[in-house]
2 protein chains.
Amino acid sequence: MRENGGEYVSVPSVRRLPLYLGFLKEFKRGRFEYVSGTQIAEHFNLQSIQIRKDLAVTKVKGKPKMGYKVDELIQAIELFLGWDNIADAFLVGAGNLGMALLGYERFDELGLNIVATFDSDPAKVGEVFYGREVLPVEKLGNLIERMHVKVAILTTPAASAQALADLMVGSGVRGIWNFTQVVLKTPPGVIVENVRLSSSLSVLTSKLKEMLDSERPRIELE
Amino acid sequence: MRENGGEYVSVPSVRRLPLYLGFLKEFKRGRFEYVSGTQIAEHFNLQSIQIRKDLAVTKVKGKPKMGYKVDELIQAIELFLGWDNIADAFLVGAGNLGMALLGYERFDELGLNIVATFDSDPAKVGEVFYGREVLPVEKLGNLIERMHVKVAILTTPAASAQALADLMVGSGVRGIWNFTQVVLKTPPGVIVENVRLSSSLSVLTSKLKEMLDSERPRIELE
DNA sequence: TAGATTGTTAATCGATTAACAATC
DNA sequence: TAGATTGTTAATCGATTAACAATC
(Lines give C-alpha, C1' and ligand atoms only; values in the text may rest on other atoms or scores of the structure.)
Protein backbone atom coordinates (compact mmCIF):
# COMPACT_ATOMS: atom_id res chain seq x y z
CA MET A 1 0.00 0.00 0.00
CA ARG A 2 1.74 3.10 -1.21
CA GLU A 3 0.37 6.51 -0.37
CA ASN A 4 1.03 9.72 1.39
CA GLY A 5 3.47 11.04 -1.15
CA GLY A 6 5.41 7.89 -1.83
CA GLU A 7 5.70 6.87 1.82
CA TYR A 8 5.00 3.21 2.34
CA VAL A 9 2.07 2.49 4.66
CA SER A 10 1.37 -1.07 5.74
CA VAL A 11 -2.12 -2.56 5.76
CA PRO A 12 -1.84 -3.57 9.44
CA SER A 13 -1.12 0.07 10.27
CA VAL A 14 -4.19 1.20 8.36
CA ARG A 15 -6.30 -1.37 10.18
CA ARG A 16 -5.20 0.00 13.54
CA LEU A 17 -5.96 3.63 12.74
CA PRO A 18 -9.76 3.34 13.27
CA LEU A 19 -9.10 1.88 16.71
CA TYR A 20 -6.96 4.84 17.65
CA LEU A 21 -9.58 7.15 16.21
CA GLY A 22 -12.29 5.72 18.43
CA PHE A 23 -10.07 5.99 21.48
CA LEU A 24 -9.11 9.57 20.64
CA LYS A 25 -12.73 10.63 20.29
CA GLU A 26 -13.46 9.13 23.67
CA PHE A 27 -10.31 10.67 25.11
CA LYS A 28 -11.30 14.06 23.82
CA ARG A 29 -14.45 13.98 25.93
CA GLY A 30 -12.19 14.02 28.96
CA ARG A 31 -11.08 17.45 27.78
CA PHE A 32 -7.51 16.40 27.35
CA GLU A 33 -5.64 18.46 24.80
CA TYR A 34 -2.67 16.14 24.38
CA VAL A 35 -2.28 12.39 24.24
CA SER A 36 0.96 10.43 24.33
CA GLY A 37 1.79 7.32 22.36
CA THR A 38 2.27 5.58 25.68
CA GLN A 39 -1.31 6.28 26.72
CA ILE A 40 -2.72 4.90 23.48
CA ALA A 41 -0.40 1.89 23.70
CA GLU A 42 -1.58 1.05 27.21
CA HIS A 43 -5.20 1.13 26.18
CA PHE A 44 -4.69 -1.31 23.32
CA ASN A 45 -1.99 -3.46 24.92
CA LEU A 46 0.43 -2.48 22.18
CA GLN A 47 3.99 -1.16 22.19
CA SER A 48 4.27 2.62 22.16
CA ILE A 49 6.77 2.43 19.32
CA GLN A 50 4.08 0.84 17.18
CA ILE A 51 1.71 3.68 17.96
CA ARG A 52 4.32 6.25 17.01
CA LYS A 53 5.08 4.42 13.76
CA ASP A 54 1.40 4.16 12.89
CA LEU A 55 0.67 7.79 13.72
CA ALA A 56 3.62 8.90 11.62
CA VAL A 57 1.56 8.16 8.50
CA THR A 58 -0.73 11.04 9.39
CA LYS A 59 2.21 13.46 9.28
CA VAL A 60 1.12 14.90 12.62
CA LYS A 61 4.10 15.96 14.71
CA GLY A 62 4.08 15.32 18.42
CA LYS A 63 5.87 17.30 21.06
CA PRO A 64 8.45 15.47 23.17
CA LYS A 65 7.19 15.13 26.73
CA MET A 66 3.68 16.30 25.75
CA GLY A 67 2.52 13.91 23.07
CA TYR A 68 0.16 14.67 20.19
CA LYS A 69 -2.67 17.17 19.98
CA VAL A 70 -5.84 15.09 20.21
CA ASP A 71 -7.84 17.23 17.80
CA GLU A 72 -5.06 17.30 15.28
CA LEU A 73 -4.72 13.52 15.35
CA ILE A 74 -8.44 12.94 14.96
CA GLN A 75 -8.60 15.20 11.94
CA ALA A 76 -5.46 13.78 10.39
CA ILE A 77 -6.58 10.15 10.75
CA GLU A 78 -9.98 10.97 9.28
CA LEU A 79 -8.28 12.73 6.41
CA PHE A 80 -5.93 9.85 5.80
CA LEU A 81 -8.75 7.30 5.75
CA GLY A 82 -10.96 9.50 3.61
CA TRP A 83 -13.51 9.73 6.39
CA ASP A 84 -13.56 13.53 6.38
CA ASN A 85 -15.82 13.59 3.33
CA ILE A 86 -18.79 11.28 3.62
CA ALA A 87 -19.24 9.16 0.51
CA ASP A 88 -22.56 7.86 -0.73
CA ALA A 89 -22.78 4.08 -0.81
CA PHE A 90 -25.29 1.53 -2.11
CA LEU A 91 -26.15 -1.55 -0.14
CA VAL A 92 -26.80 -4.52 -2.40
CA GLY A 93 -28.61 -7.42 -0.80
CA ALA A 94 -31.34 -6.81 1.77
CA GLY A 95 -30.79 -9.99 3.79
CA ASN A 96 -30.02 -10.43 7.46
CA LEU A 97 -26.55 -8.99 7.34
CA GLY A 98 -27.47 -6.20 4.94
CA MET A 99 -30.27 -5.08 7.22
CA ALA A 100 -27.97 -5.13 10.23
CA LEU A 101 -25.54 -2.83 8.42
CA LEU A 102 -28.38 -0.61 7.28
CA GLY A 103 -29.47 -0.26 10.87
CA TYR A 104 -26.06 0.86 12.02
CA GLU A 105 -26.43 4.53 12.72
CA ARG A 106 -22.84 5.69 12.85
CA PHE A 107 -21.56 5.05 9.34
CA ASP A 108 -21.13 8.81 8.99
CA GLU A 109 -18.24 8.48 11.46
CA LEU A 110 -16.74 5.92 9.09
CA GLY A 111 -17.10 8.22 6.10
CA LEU A 112 -20.04 6.37 4.61
CA ASN A 113 -23.70 7.11 3.95
CA ILE A 114 -25.92 4.30 2.75
CA VAL A 115 -28.30 6.11 0.44
CA ALA A 116 -30.16 3.15 -1.04
CA THR A 117 -30.66 -0.59 -0.75
CA PHE A 118 -31.26 -3.05 -3.57
CA ASP A 119 -32.59 -6.56 -3.74
CA SER A 120 -33.69 -8.96 -6.45
CA ASP A 121 -36.50 -10.44 -4.39
CA PRO A 122 -39.82 -8.84 -5.48
CA ALA A 123 -41.20 -9.54 -2.01
CA LYS A 124 -38.60 -7.26 -0.47
CA VAL A 125 -38.71 -4.52 -3.08
CA GLY A 126 -40.81 -1.63 -1.91
CA GLU A 127 -40.44 -2.44 1.76
CA VAL A 128 -38.96 0.26 3.94
CA PHE A 129 -36.19 -0.49 6.42
CA TYR A 130 -34.71 2.14 8.68
CA GLY A 131 -36.36 4.82 6.60
CA ARG A 132 -35.01 3.56 3.29
CA GLU A 133 -37.00 1.80 0.61
CA VAL A 134 -35.63 -1.36 -1.00
CA LEU A 135 -35.21 -0.80 -4.73
CA PRO A 136 -35.18 -3.46 -7.44
CA VAL A 137 -31.72 -4.50 -8.66
CA GLU A 138 -32.85 -3.60 -12.16
CA LYS A 139 -32.36 0.02 -11.18
CA LEU A 140 -28.91 -0.50 -9.70
CA GLY A 141 -26.74 0.22 -12.73
CA ASN A 142 -28.65 3.25 -13.80
CA LEU A 143 -28.65 4.81 -10.34
CA ILE A 144 -24.93 4.21 -9.85
CA GLU A 145 -24.30 6.17 -13.03
CA ARG A 146 -26.74 8.95 -12.29
CA MET A 147 -25.63 9.43 -8.69
CA HIS A 148 -21.93 8.79 -9.38
CA VAL A 149 -21.82 6.29 -6.53
CA LYS A 150 -18.33 4.86 -6.04
CA VAL A 151 -18.80 2.51 -3.09
CA ALA A 152 -21.00 -0.57 -2.80
CA ILE A 153 -21.61 -2.94 0.08
CA LEU A 154 -22.25 -6.43 -1.21
CA THR A 155 -24.32 -8.70 1.06
CA THR A 156 -26.06 -10.97 -1.42
CA PRO A 157 -26.00 -14.76 -1.64
CA ALA A 158 -22.85 -16.11 -3.27
CA ALA A 159 -24.65 -17.15 -6.44
CA SER A 160 -25.34 -13.61 -7.63
CA ALA A 161 -22.25 -11.85 -6.24
CA GLN A 162 -20.00 -11.88 -9.31
CA ALA A 163 -22.70 -10.82 -11.76
CA LEU A 164 -23.67 -7.92 -9.52
CA ALA A 165 -20.04 -6.91 -9.09
CA ASP A 166 -19.64 -6.87 -12.87
CA LEU A 167 -22.73 -4.73 -13.24
CA MET A 168 -21.68 -2.30 -10.53
CA VAL A 169 -18.13 -1.94 -11.81
CA GLY A 170 -19.46 -1.43 -15.31
CA SER A 171 -21.59 1.41 -14.00
CA GLY A 172 -18.79 3.17 -12.16
CA VAL A 173 -18.33 1.59 -8.74
CA ARG A 174 -14.68 1.65 -7.69
CA GLY A 175 -14.80 0.13 -4.23
CA ILE A 176 -16.65 -2.99 -3.07
CA TRP A 177 -16.99 -3.98 0.57
CA ASN A 178 -17.56 -7.66 -0.02
CA PHE A 179 -19.35 -9.66 2.67
CA THR A 180 -19.91 -12.68 0.42
CA GLN A 181 -17.73 -15.79 0.28
CA VAL A 182 -17.01 -15.17 -3.39
CA VAL A 183 -13.55 -14.24 -4.66
CA LEU A 184 -14.62 -11.37 -6.89
CA LYS A 185 -12.87 -10.83 -10.18
CA THR A 186 -12.56 -7.14 -10.94
CA PRO A 187 -10.47 -5.06 -13.36
CA PRO A 188 -7.51 -2.98 -12.19
CA GLY A 189 -8.58 0.25 -10.55
CA VAL A 190 -11.31 -1.37 -8.48
CA ILE A 191 -10.70 -2.01 -4.78
CA VAL A 192 -12.30 -5.03 -3.16
CA GLU A 193 -12.15 -5.48 0.59
CA ASN A 194 -13.40 -8.80 1.87
CA VAL A 195 -15.01 -9.37 5.24
CA ARG A 196 -14.57 -13.02 6.10
CA LEU A 197 -16.30 -13.85 9.34
CA SER A 198 -15.36 -17.49 8.93
CA SER A 199 -11.67 -16.52 8.93
CA SER A 200 -12.12 -14.67 12.19
CA LEU A 201 -14.05 -17.54 13.73
CA SER A 202 -11.40 -20.03 12.60
CA VAL A 203 -8.76 -18.20 14.63
CA LEU A 204 -10.99 -18.32 17.70
CA THR A 205 -11.96 -21.98 17.44
CA SER A 206 -8.51 -23.30 16.53
CA LYS A 207 -6.92 -21.45 19.46
CA LEU A 208 -9.69 -22.57 21.76
CA LYS A 209 -9.35 -26.17 20.65
CA GLU A 210 -5.61 -26.06 21.25
CA MET A 211 -6.10 -24.57 24.71
CA LEU A 212 -8.83 -26.94 25.82
CA ASP A 213 -6.95 -29.94 24.41
CA SER A 214 -3.83 -28.97 26.31
CA GLU A 215 -5.82 -28.90 29.56
CA ARG A 216 -7.50 -32.24 29.03
CA PRO A 217 -6.14 -34.91 31.36
CA ARG A 218 -4.79 -37.80 29.35
CA ILE A 219 -3.71 -41.33 29.97
CA GLU A 220 -0.02 -41.42 30.67
CA LEU A 221 2.00 -43.34 28.14
CA GLU A 222 4.51 -45.60 29.89
CA MET B 1 0.19 -19.64 17.47
CA ARG B 2 1.72 -22.94 18.44
CA GLU B 3 -0.16 -26.15 17.84
CA ASN B 4 -0.13 -29.44 16.06
CA GLY B 5 2.48 -31.01 18.25
CA GLY B 6 4.89 -28.12 18.50
CA GLU B 7 4.70 -27.13 14.84
CA TYR B 8 4.35 -23.40 14.40
CA VAL B 9 1.21 -22.32 12.57
CA SER B 10 0.79 -18.70 11.58
CA VAL B 11 -2.46 -16.81 12.11
CA PRO B 12 -2.64 -15.81 8.41
CA SER B 13 -2.51 -19.50 7.51
CA VAL B 14 -5.35 -20.29 9.89
CA ARG B 15 -7.39 -17.47 8.40
CA ARG B 16 -7.00 -18.93 4.92
CA LEU B 17 -8.05 -22.45 5.87
CA PRO B 18 -11.82 -21.71 5.93
CA LEU B 19 -11.53 -20.30 2.42
CA TYR B 20 -9.93 -23.49 1.19
CA LEU B 21 -12.55 -25.49 3.04
CA GLY B 22 -15.39 -23.71 1.26
CA PHE B 23 -13.72 -24.22 -2.10
CA LEU B 24 -13.07 -27.90 -1.39
CA LYS B 25 -16.69 -28.52 -0.47
CA GLU B 26 -17.76 -26.91 -3.72
CA PHE B 27 -15.06 -28.81 -5.61
CA LYS B 28 -16.26 -32.06 -4.14
CA ARG B 29 -19.65 -31.59 -5.73
CA GLY B 30 -17.92 -31.87 -9.09
CA ARG B 31 -17.07 -35.43 -8.06
CA PHE B 32 -13.34 -34.81 -8.21
CA GLU B 33 -11.37 -37.11 -5.97
CA TYR B 34 -8.12 -35.16 -6.03
CA VAL B 35 -7.28 -31.48 -5.99
CA SER B 36 -3.87 -29.92 -6.60
CA GLY B 37 -2.37 -26.94 -4.81
CA THR B 38 -2.22 -25.25 -8.19
CA GLN B 39 -5.99 -25.50 -8.64
CA ILE B 40 -6.70 -23.99 -5.23
CA ALA B 41 -4.11 -21.29 -5.84
CA GLU B 42 -5.69 -20.27 -9.13
CA HIS B 43 -9.10 -19.93 -7.55
CA PHE B 44 -7.85 -17.61 -4.82
CA ASN B 45 -5.21 -15.77 -6.84
CA LEU B 46 -2.52 -17.04 -4.52
CA GLN B 47 0.81 -18.78 -5.07
CA SER B 48 0.64 -22.57 -5.06
CA ILE B 49 3.55 -22.72 -2.64
CA GLN B 50 1.43 -20.83 -0.13
CA ILE B 51 -1.35 -23.37 -0.47
CA ARG B 52 1.07 -26.23 0.07
CA LYS B 53 2.52 -24.54 3.14
CA ASP B 54 -0.92 -23.85 4.57
CA LEU B 55 -2.19 -27.34 3.90
CA ALA B 56 0.90 -28.82 5.52
CA VAL B 57 -0.53 -27.88 8.93
CA THR B 58 -3.27 -30.46 8.43
CA LYS B 59 -0.63 -33.21 8.09
CA VAL B 60 -2.41 -34.46 4.98
CA LYS B 61 0.06 -35.87 2.47
CA GLY B 62 -0.47 -35.19 -1.22
CA LYS B 63 0.64 -37.35 -4.08
CA PRO B 64 3.06 -35.83 -6.59
CA LYS B 65 1.29 -35.31 -9.89
CA MET B 66 -2.11 -36.05 -8.36
CA GLY B 67 -2.57 -33.57 -5.56
CA TYR B 68 -4.50 -34.06 -2.34
CA LYS B 69 -7.55 -36.21 -1.68
CA VAL B 70 -10.46 -33.78 -1.43
CA ASP B 71 -12.30 -35.68 1.28
CA GLU B 72 -9.19 -36.11 3.33
CA LEU B 73 -8.42 -32.40 3.17
CA ILE B 74 -11.94 -31.37 4.14
CA GLN B 75 -11.89 -33.62 7.17
CA ALA B 76 -8.39 -32.60 8.19
CA ILE B 77 -9.12 -28.87 7.98
CA GLU B 78 -12.33 -29.28 9.97
CA LEU B 79 -10.44 -31.27 12.55
CA PHE B 80 -7.68 -28.70 12.76
CA LEU B 81 -10.14 -25.83 13.23
CA GLY B 82 -12.24 -27.78 15.70
CA TRP B 83 -15.20 -27.68 13.36
CA ASP B 84 -15.70 -31.42 13.40
CA ASN B 85 -17.43 -31.26 16.77
CA ILE B 86 -20.12 -28.61 16.91
CA ALA B 87 -19.85 -26.49 20.04
CA ASP B 88 -22.75 -24.81 21.77
CA ALA B 89 -22.52 -21.04 21.87
CA PHE B 90 -24.46 -18.23 23.50
CA LEU B 91 -25.27 -15.04 21.66
CA VAL B 92 -25.19 -12.04 23.97
CA GLY B 93 -26.87 -8.92 22.65
CA ALA B 94 -30.01 -9.19 20.53
CA GLY B 95 -29.42 -6.09 18.43
CA ASN B 96 -29.17 -5.71 14.66
CA LEU B 97 -25.92 -7.56 14.25
CA GLY B 98 -26.80 -10.22 16.80
CA MET B 99 -30.02 -10.98 14.99
CA ALA B 100 -28.22 -11.19 11.66
CA LEU B 101 -25.83 -13.76 13.10
CA LEU B 102 -28.71 -15.65 14.69
CA GLY B 103 -30.37 -15.83 11.30
CA TYR B 104 -27.32 -17.33 9.66
CA GLU B 105 -28.24 -20.93 9.03
CA ARG B 106 -24.86 -22.50 8.38
CA PHE B 107 -22.99 -22.04 11.64
CA ASP B 108 -22.96 -25.82 11.96
CA GLU B 109 -20.47 -25.82 9.06
CA LEU B 110 -18.34 -23.48 11.16
CA GLY B 111 -18.51 -25.75 14.18
CA LEU B 112 -20.94 -23.58 16.10
CA ASN B 113 -24.51 -23.90 17.31
CA ILE B 114 -26.16 -20.86 18.83
CA VAL B 115 -28.35 -22.39 21.50
CA ALA B 116 -29.60 -19.26 23.22
CA THR B 117 -29.71 -15.48 22.97
CA PHE B 118 -29.57 -12.99 25.82
CA ASP B 119 -30.45 -9.35 26.18
CA SER B 120 -30.81 -6.87 29.01
CA ASP B 121 -33.73 -5.04 27.39
CA PRO B 122 -37.00 -6.26 28.99
CA ALA B 123 -38.78 -5.35 25.78
CA LYS B 124 -36.73 -7.91 23.87
CA VAL B 125 -36.77 -10.64 26.48
CA GLY B 126 -39.37 -13.27 25.66
CA GLU B 127 -39.45 -12.47 21.97
CA VAL B 128 -38.67 -15.29 19.61
CA PHE B 129 -36.24 -14.86 16.71
CA TYR B 130 -35.46 -17.63 14.29
CA GLY B 131 -37.07 -20.09 16.62
CA ARG B 132 -35.10 -19.06 19.68
CA GLU B 133 -36.42 -17.11 22.60
CA VAL B 134 -34.46 -14.14 23.96
CA LEU B 135 -33.54 -14.77 27.59
CA PRO B 136 -32.78 -12.14 30.25
CA VAL B 137 -29.06 -11.55 30.92
CA GLU B 138 -29.74 -12.33 34.56
CA LYS B 139 -29.86 -15.98 33.55
CA LEU B 140 -26.63 -15.85 31.54
CA GLY B 141 -24.11 -16.84 34.20
CA ASN B 142 -26.18 -19.65 35.59
CA LEU B 143 -26.90 -21.17 32.19
CA ILE B 144 -23.25 -21.00 31.12
CA GLU B 145 -22.38 -23.05 34.18
CA ARG B 146 -25.21 -25.51 33.83
CA MET B 147 -24.73 -26.09 30.11
CA HIS B 148 -20.91 -25.90 30.22
CA VAL B 149 -20.96 -23.40 27.37
CA LYS B 150 -17.44 -22.42 26.35
CA VAL B 151 -18.07 -19.97 23.48
CA ALA B 152 -19.92 -16.66 23.51
CA ILE B 153 -20.68 -14.21 20.74
CA LEU B 154 -20.70 -10.67 22.08
CA THR B 155 -22.79 -8.16 20.14
CA THR B 156 -23.86 -5.72 22.84
CA PRO B 157 -23.33 -1.97 23.00
CA ALA B 158 -19.82 -1.00 24.12
CA ALA B 159 -20.97 0.20 27.53
CA SER B 160 -21.89 -3.24 28.84
CA ALA B 161 -19.29 -5.34 27.00
CA GLN B 162 -16.60 -5.60 29.69
CA ALA B 163 -19.00 -6.35 32.52
CA LEU B 164 -20.63 -9.11 30.49
CA ALA B 165 -17.26 -10.53 29.51
CA ASP B 166 -16.28 -10.65 33.19
CA LEU B 167 -19.52 -12.40 34.05
CA MET B 168 -19.18 -14.92 31.23
CA VAL B 169 -15.56 -15.71 31.95
CA GLY B 170 -16.40 -16.10 35.62
CA SER B 171 -19.02 -18.65 34.67
CA GLY B 172 -16.75 -20.72 32.46
CA VAL B 173 -16.65 -19.15 28.98
CA ARG B 174 -13.22 -19.65 27.39
CA GLY B 175 -13.68 -18.09 23.96
CA ILE B 176 -15.32 -14.77 23.08
CA TRP B 177 -16.10 -13.71 19.53
CA ASN B 178 -16.14 -10.00 20.16
CA PHE B 179 -18.06 -7.77 17.76
CA THR B 180 -17.91 -4.73 20.05
CA GLN B 181 -15.40 -1.89 19.83
CA VAL B 182 -14.17 -2.63 23.33
CA VAL B 183 -10.71 -3.97 24.08
CA LEU B 184 -11.75 -6.72 26.46
CA LYS B 185 -9.59 -7.49 29.45
CA THR B 186 -9.61 -11.20 30.18
CA PRO B 187 -7.44 -13.52 32.27
CA PRO B 188 -4.96 -15.91 30.67
CA GLY B 189 -6.61 -18.99 29.24
CA VAL B 190 -9.43 -17.05 27.62
CA ILE B 191 -9.33 -16.47 23.86
CA VAL B 192 -10.79 -13.25 22.47
CA GLU B 193 -11.17 -12.80 18.74
CA ASN B 194 -12.20 -9.33 17.65
CA VAL B 195 -14.23 -8.54 14.56
CA ARG B 196 -13.50 -4.96 13.60
CA LEU B 197 -15.58 -3.92 10.67
CA SER B 198 -14.18 -0.40 10.88
CA SER B 199 -10.68 -1.80 10.31
CA SER B 200 -11.84 -3.53 7.19
CA LEU B 201 -13.63 -0.44 5.95
CA SER B 202 -10.57 1.69 6.61
CA VAL B 203 -8.50 -0.41 4.23
CA LEU B 204 -11.15 0.01 1.54
CA THR B 205 -11.63 3.74 1.91
CA SER B 206 -7.96 4.63 2.26
CA LYS B 207 -7.06 2.64 -0.85
CA LEU B 208 -10.01 4.10 -2.70
CA LYS B 209 -9.07 7.62 -1.70
CA GLU B 210 -5.52 7.08 -2.89
CA MET B 211 -6.71 5.69 -6.20
CA LEU B 212 -9.27 8.37 -6.91
CA ASP B 213 -6.86 11.12 -5.83
CA SER B 214 -4.19 9.80 -8.20
CA GLU B 215 -6.65 10.01 -11.09
CA ARG B 216 -7.81 13.52 -10.35
CA PRO B 217 -6.50 16.06 -12.86
CA ARG B 218 -4.56 18.75 -11.11
CA ILE B 219 -3.21 22.14 -11.86
CA GLU B 220 0.34 21.83 -13.08
CA LEU B 221 2.86 23.47 -10.84
CA GLU B 222 5.34 25.27 -13.03
C1' DT C 1 17.80 21.86 34.15
C1' DA C 2 16.21 16.97 34.15
C1' DG C 3 13.50 13.75 32.18
C1' DA C 4 9.77 12.03 29.42
C1' DT C 5 8.54 11.47 24.88
C1' DT C 6 9.10 11.90 19.93
C1' DG C 7 11.06 10.44 15.47
C1' DT C 8 14.50 8.05 12.85
C1' DT C 9 17.72 4.51 11.77
C1' DA C 10 19.10 -0.24 12.61
C1' DA C 11 18.09 -4.93 14.16
C1' DT C 12 15.03 -8.59 14.72
C1' DC C 13 11.28 -11.36 13.90
C1' DG C 14 7.91 -13.69 11.18
C1' DA C 15 5.55 -14.69 6.81
C1' DT C 16 5.93 -15.37 2.03
C1' DT C 17 8.30 -16.86 -1.88
C1' DA C 18 12.02 -19.30 -4.40
C1' DA C 19 14.65 -23.29 -5.41
C1' DC C 20 14.94 -27.92 -6.05
C1' DA C 21 15.22 -32.84 -4.81
C1' DA C 22 11.92 -36.56 -4.25
C1' DT C 23 8.30 -39.13 -6.29
C1' DC C 24 4.00 -40.82 -8.15
C1' DT D 1 9.74 -43.18 -18.80
C1' DA D 2 8.73 -38.14 -18.67
C1' DG D 3 6.78 -34.61 -16.32
C1' DA D 4 3.75 -32.49 -13.03
C1' DT D 5 3.31 -31.82 -8.33
C1' DT D 6 4.62 -32.36 -3.53
C1' DG D 7 7.42 -31.21 0.53
C1' DT D 8 11.48 -29.26 2.56
C1' DT D 9 15.22 -26.11 3.09
C1' DA D 10 16.98 -21.56 2.00
C1' DA D 11 16.31 -16.79 0.58
C1' DT D 12 13.67 -12.77 0.47
C1' DC D 13 10.43 -9.58 1.84
C1' DG D 14 7.81 -6.92 5.02
C1' DA D 15 6.31 -5.68 9.71
C1' DT D 16 7.52 -5.08 14.36
C1' DT D 17 10.64 -3.90 17.83
C1' DA D 18 14.97 -1.96 19.71
C1' DA D 19 18.15 1.68 20.26
C1' DC D 20 19.10 6.24 20.82
C1' DA D 21 19.76 11.10 19.50
C1' DA D 22 16.86 15.18 19.42
C1' DT D 23 13.95 18.17 22.01
C1' DC D 24 10.22 20.34 24.53
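Below, each value reflects all heavy atoms present in this structure, side chains not excepted, and no hydrogens, waters or symmetry copies. These numbers come from a predicted model, not from an experiment.
- Between the side chain of B:K53 and the base of C:dT17 there is at least one donor-acceptor pair of N/O atoms closer than 3.5 Å.
- The residue among A:D54 and A:K65 whose nearest nucleotide of DNA chain D lies closer to the 5′ end is A:D54.
- In the model, A:Q162 has a side-chain atom that pairs as donor or acceptor with a side-chain atom of A:D166 under 3.5 Å.
- Counted within 6.0 Å of NZ on A:K150, heavy atoms from surrounding residues, nucleotides or ligands total more than 12; the atom is thus considered enclosed.
- Of the possible polar contacts, one joining the B:S199 side chain to the A:R15 backbone as a donor-acceptor pair under 3.5 Å is found.
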Using Watson-Crick and G-U wobble pairs with both distances under 3.5 Å, what is the 5'-to-3' dot-bracket string of DNA chain C, with [ ] for crossing pairs and | for pairs outside the strand?
..||||||||||||||||||||||
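- Regarding B:Q47, its CD atom lies at a distance of 14 Å from the C1' atom of C:dA15, rounded to whole Å.
- When heavy atoms are screened at a 4.0 angstrom cut-off, A:K63 is found touching the sugar-phosphate backbone but no base atom.
- Here the side chain of A:T155 pairs a donor or acceptor atom with the backbone of A:V92 at under 3.5 angstrom.
- In this model, the phosphate group of C:dT16 is approached by a side-chain N or O of B:Q50 to a distance below 4.0 Å at OP1 or OP2.
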Contacts table for residues 177-186 of chain B: side-chain donor-acceptor under 3.5 angstrom, sequence neighbours left out:
{"from": "B:W177", "atom 1": "NE1", "to": "A:S200", "atom 2": "OG", "distance (Å)": "2.9"}
{"from": "B:N178", "atom 1": "OD1", "to": "B:T180", "atom 2": "N", "distance (Å)": "3.0"}
{"from": "B:N178", "atom 1": "OD1", "to": "B:T180", "atom 2": "OG1", "distance (Å)": "2.7"}
{"from": "B:N178", "atom 1": "ND2", "to": "B:V182", "atom 2": "O", "distance (Å)": "3.0"}
{"from": "B:N178", "atom 1": "ND2", "to": "B:N194", "atom 2": "OD1", "distance (Å)": "2.8"}
{"from": "B:T180", "atom 1": "OG1", "to": "B:V182", "atom 2": "N", "distance (Å)": "3.2"}

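- The CG atom of A:L46 sits 10 Å away from the P atom of D:dT16 (whole-angstrom rounding).
- Pairs passing the salt bridge (Lys or Arg N to Asp or Glu O under 4.0 Å) check and including a residue from residues 94-104 of chain A, sequence neighbours excluded, do not occur.
- Of the candidates D:dA15, D:dT6, C:dA15, D:dA15 carries the atom nearest the A:S10 side chain, counting heavy atoms from C-beta on.
- Straight-line distance from the CG atom of B:N45 to the C1' atom of C:dT16: 16 Å, rounded to whole Å.
- Checking D:dC24, D:dA15, D:dT6 against the side-chain heavy atoms of A:P64 singles out D:dC24 as nearest.
- Using a 4.0 Å cutoff on non-hydrogen atoms, the parts of residues 15-44 of chain A near DNA chain C are A:S36, A:G37, ordered by number.
- Protein atom CZ of B:R52 is 16 Å distant from nucleotide atom P of C:dA22, rounded to whole Å.
- Considering only the side chain of B:I49, C:dA19 comes nearest among C:dT6, D:dT5, C:dA19.
- Distances shown here put every side-chain N or O of A:Y68 at or beyond 4.0 Å from the OP1 or OP2 atom of C:dT5.
- Considering only residues two or more places apart in sequence or on other chains, B:M66 meets the side chain to side chain contact (heavy atoms under 4.5 Å, CB included) condition with B:Y34, B:K63.
- Which of C:dT16, D:dG14, D:dG7 sits closest to the side chain of A:Y8 comes down to D:dG14.
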Only distances under 3.5 Å count here; give the side-chain donor-acceptor pairs of residues 102-113 of chain A to other protein atoms, sequence neighbours excluded, each with its distance to 0.1 Å.
{"from": "A:E109", "atom 1": "OE1", "to": "A:K25", "atom 2": "NZ", "distance (Å)": "3.3"}

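- With rounding to whole Å, A:M66 atom CE is found 17 Å from D:dA22 atom C1'.
- A donor-acceptor contact closer than 3.5 angstrom is absent between the side chains of B:Q75 and B:D71.
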